[in-house]
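First up is the structure itself, then whatever we jot down about it.
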There are 2 protein chains.
Amino acid sequence: MAATPKQLSARERILETASQLFYRHGFQAVGIDTIIAEAGVAKMTLYRHFAAKDDLIVAYLERSNQHFWSWLEGEIAGIDDPEARLLAIFDAVGRLVRSPQCLGCTFQATAVEFPNLEYRAHQVALAHKQALISTFRDLAERANLRAPAVLANQLLLLMDGAWVAARMFGPTNPATEVAAAAQALIAAQR
Amino acid sequence: MAATPKQLSARERILETASQLFYRHGFQAVGIDTIIAEAGVAKMTLYRHFAAKDDLIVAYLERSNQHFWSWLEGEIAGIDDPEARLLAIFDAVGRLVRSPQCLGCTFQATAVEFPNLEYRAHQVALAHKQALISTFRDLAERANLRAPAVLANQLLLLMDGAWVAARMFGPTNPATEVAAAAQALIAAQR
DNA sequence: GCCAAATGATACAGACCTGTCTATCTATAA
DNA sequence: TTATAGATAGACAGGTCTGTATCATTTGGC
């Protein structure tokens, strides 16, 4: 039973299937055999597109990164004021962590399953977090807040705490207060 | 080469070795064979003390939980004022995440490697986080802050964000601002 | 319709993992 | 001295995993 329609190319079906399985169960817990069975492709097809499982993981992470930024763009589209944009981001996070399909942050999970900082997948995850800090700092600067770099770091802690709460507690988690907390941190830098 | 002194009982040597390996590399990445080789015990000795690997993991988590609360007690010993105690906790976290031997929170890693909320190890991890919320709320109440339950949740997000940063970035991480952030969140509830 | 490229099905090698089993050794106490 | 309990060493079963190899089949471009 293929979980993904046959219209997609083999490569896309593999990536789509791997995304759902990796996100839900983790990288080490999901084997190649499970992925090809669910995607309905042959093992050699997978290995022709991805030289090794590590390459599939990296491709999945880069795809997830793109999806994340698309989602975020959508959540703050139409908002011009930089401070309002910051608040909208944390509003969106607060809403997302309440939904049952949210299982936290896949980049956090990557850092847990691949603790070595040198490892390729860990570096992709790290780059994602650094990009978030840059985004926060940029918005804080444009909002004329007092210490943009400090605030950017603090906001990352808050966001990551929210993802942790979603994974640890499930849909009913303490991250419901994340937007109010972000507002307090921003107000402290006004 | 036994990494732990022979004076300890076999059970303690197993737990001590497993602690270091599990914390550093993760649960699935560390096999029973590695643990017994490092601890210098026979395989049957391990399986006489722990019926299965899962039981060793749970025992490790409970031991880690005890160590955590001992550490926290030590960090706030001698401080009476509840608000000062809260601040001291986040000061201590901010210091800990800068040390190279800090690799984040093992309970977060547990929730990542065992996502199923029903799983025993996940529940031990969850109980640890719930106990933290209780502690925060209790201190916030005694400090006569405005919304103790809300603040407790927000502080947990902050602390978990700090642990994530330690694991993701290494010793030079954005969690250096965690104490200042906690102070801002507390001040907002004054 | 044809041909080349991509994909499917499946077996297989080699490594690793958990957990069991047996047989031997050692220390302590009666 | 001897009985008992616990530890040791190592083989082993049964399963899983990644990655390779082989060969039949299907698909897409012209």
Side-chain angles (χ1 to χ4, degrees), chain A residues 1-22 24-61 109-110 112-116 119-121, chain B residues 1-22 24-61 109-110 112-116 119-121:
Chain A
M1 56 123 175
T4 48
K6 284 278 183 184
Q7 287 85 343
L8 294 170
S9 75
R11 190 176 201 278
E12 304 239 347
R13 255 183 305 156
I14 293 168
L15 261 181
E16 176 59 33
T17 305
S19 296
Q20 302 195 11
L21 292 174
F22 282 155
R24 181 161 297 274
H25 301 102
F27 299 111
Q28 303 177 76
V30 174
I32 295 292
D33 286 336
T34 307
I35 296 172
I36 61 172
E38 194 87 4
V41 302
K43 188 176 272 196
M44 276 316 291
T45 305
L46 187 148
Y47 277 103
R48 224 181 324 249
H49 285 292
F50 306 96
K53 189 182 180 182
D54 284 357
D55 297 270
L56 175 57
I57 291 173
V58 169
Y60 153 69
L61 288 173
T110 302
V112 166
E113 291 209 60
F114 308 108
N116 192 337
Y119 193 78
R120 209 152 34 115
Chain B
M1 53 119 177
T4 48
K6 284 277 185 185
Q7 287 85 343
L8 294 171
S9 76
R11 190 176 201 277
E12 305 240 346
R13 254 183 305 155
I14 292 167
L15 262 180
E16 176 61 33
T17 305
S19 296
Q20 302 193 14
L21 292 173
F22 282 155
R24 181 162 296 275
H25 301 103
F27 299 110
Q28 303 177 74
V30 173
I32 295 292
D33 286 336
T34 308
I35 295 172
I36 62 172
E38 194 86 5
V41 302
K43 188 176 273 195
M44 277 315 292
T45 305
L46 186 149
Y47 276 103
R48 230 189 313 270
H49 286 293
F50 306 96
K53 188 183 181 181
D54 283 357
D55 298 88
L56 176 57
I57 291 174
V58 169
Y60 153 70
L61 288 174
T110 303
V112 167
E113 291 209 59
F114 308 109
N116 191 337
Y119 194 77
R120 209 151 34 116

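Both backbone and side-chain heavy atoms feed into the values below; hydrogens, waters and symmetry mates do not. Note that the coordinates shown come from a computational prediction; the quantities given were computed from them, not determined experimentally. Residue numbers begin at 1 in each chain, while the letters A, B, ... track the order of the sequences.
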Table of protein N/O atoms under 3.5 Å from nucleotides 15-22 of chain C N/O atoms:
unit_1: C:dT18; atom_1: OP1; unit_2: B:Lys53; atom_2: NZ; d: 2.7
unit_1: C:dT18; atom_1: OP2; unit_2: B:Ile32; atom_2: N; d: 2.7
unit_1: C:dG19; atom_1: OP2; unit_2: B:Tyr47; atom_2: OH; d: 3.0
unit_1: C:dG19; atom_1: OP2; unit_2: B:Lys53; atom_2: N; d: 3.0
unit_1: C:dG19; atom_1: N7; unit_2: B:Lys43; atom_2: NZ; d: 3.2
unit_1: C:dG19; atom_1: O6; unit_2: B:Lys43; atom_2: NZ; d: 2.8

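- Ring geometry, B:Phe22 versus B:Phe27: the interplanar angle falls from 30° to 60°, so the pair is classed tilted.
- Among C:dG8, D:dA9, D:dA7, the nucleotide with an atom closest to any side-chain atom of B:Arg48 is D:dA7.
- Between B:Asp33 and B:Lys43 the shortest side-chain heavy-atom distance falls below 4.5 Å.
- A:Asp55 has its CG atom 12 Å from the C1' atom of D:dG19, to the nearest Å.
- Counting heavy atoms from C-beta outward, B:Ile35 and B:Leu56 have side chains that approach closer than 4.5 Å.
- The separation between B:Ile36 atom CD1 and D:dG10 atom C1' is 10 Å, rounded to whole Å.
- A:Ile36 CD1 to A:Ile14 CD1: the interatomic distance, rounded to the nearest 0.5 Å, is 9.0 Å.
- One can place CD of A:Glu12 at 16 Å from C1' of C:dA6, the figure rounded to the nearest angstrom.
- Taking atom CZ of B:Arg13 as the reference point, atom C1' of D:dG6 lies 12 Å away to the nearest angstrom.
- A:Val58 is not listed as a side-chain neighbour of A:Asp54, based on a closest heavy-atom distance of 4.5 Å or more.
- Two residues are said to be in side-chain contact when any heavy atoms from C-beta on lie closer than 4.5 Å; A:Arg120 and A:Asp55 meet this criterion.
- Listed pair A:His49 / C:dT7 meets the phosphate criterion, a side-chain N or O lying under 4.0 Å from OP1 or OP2.
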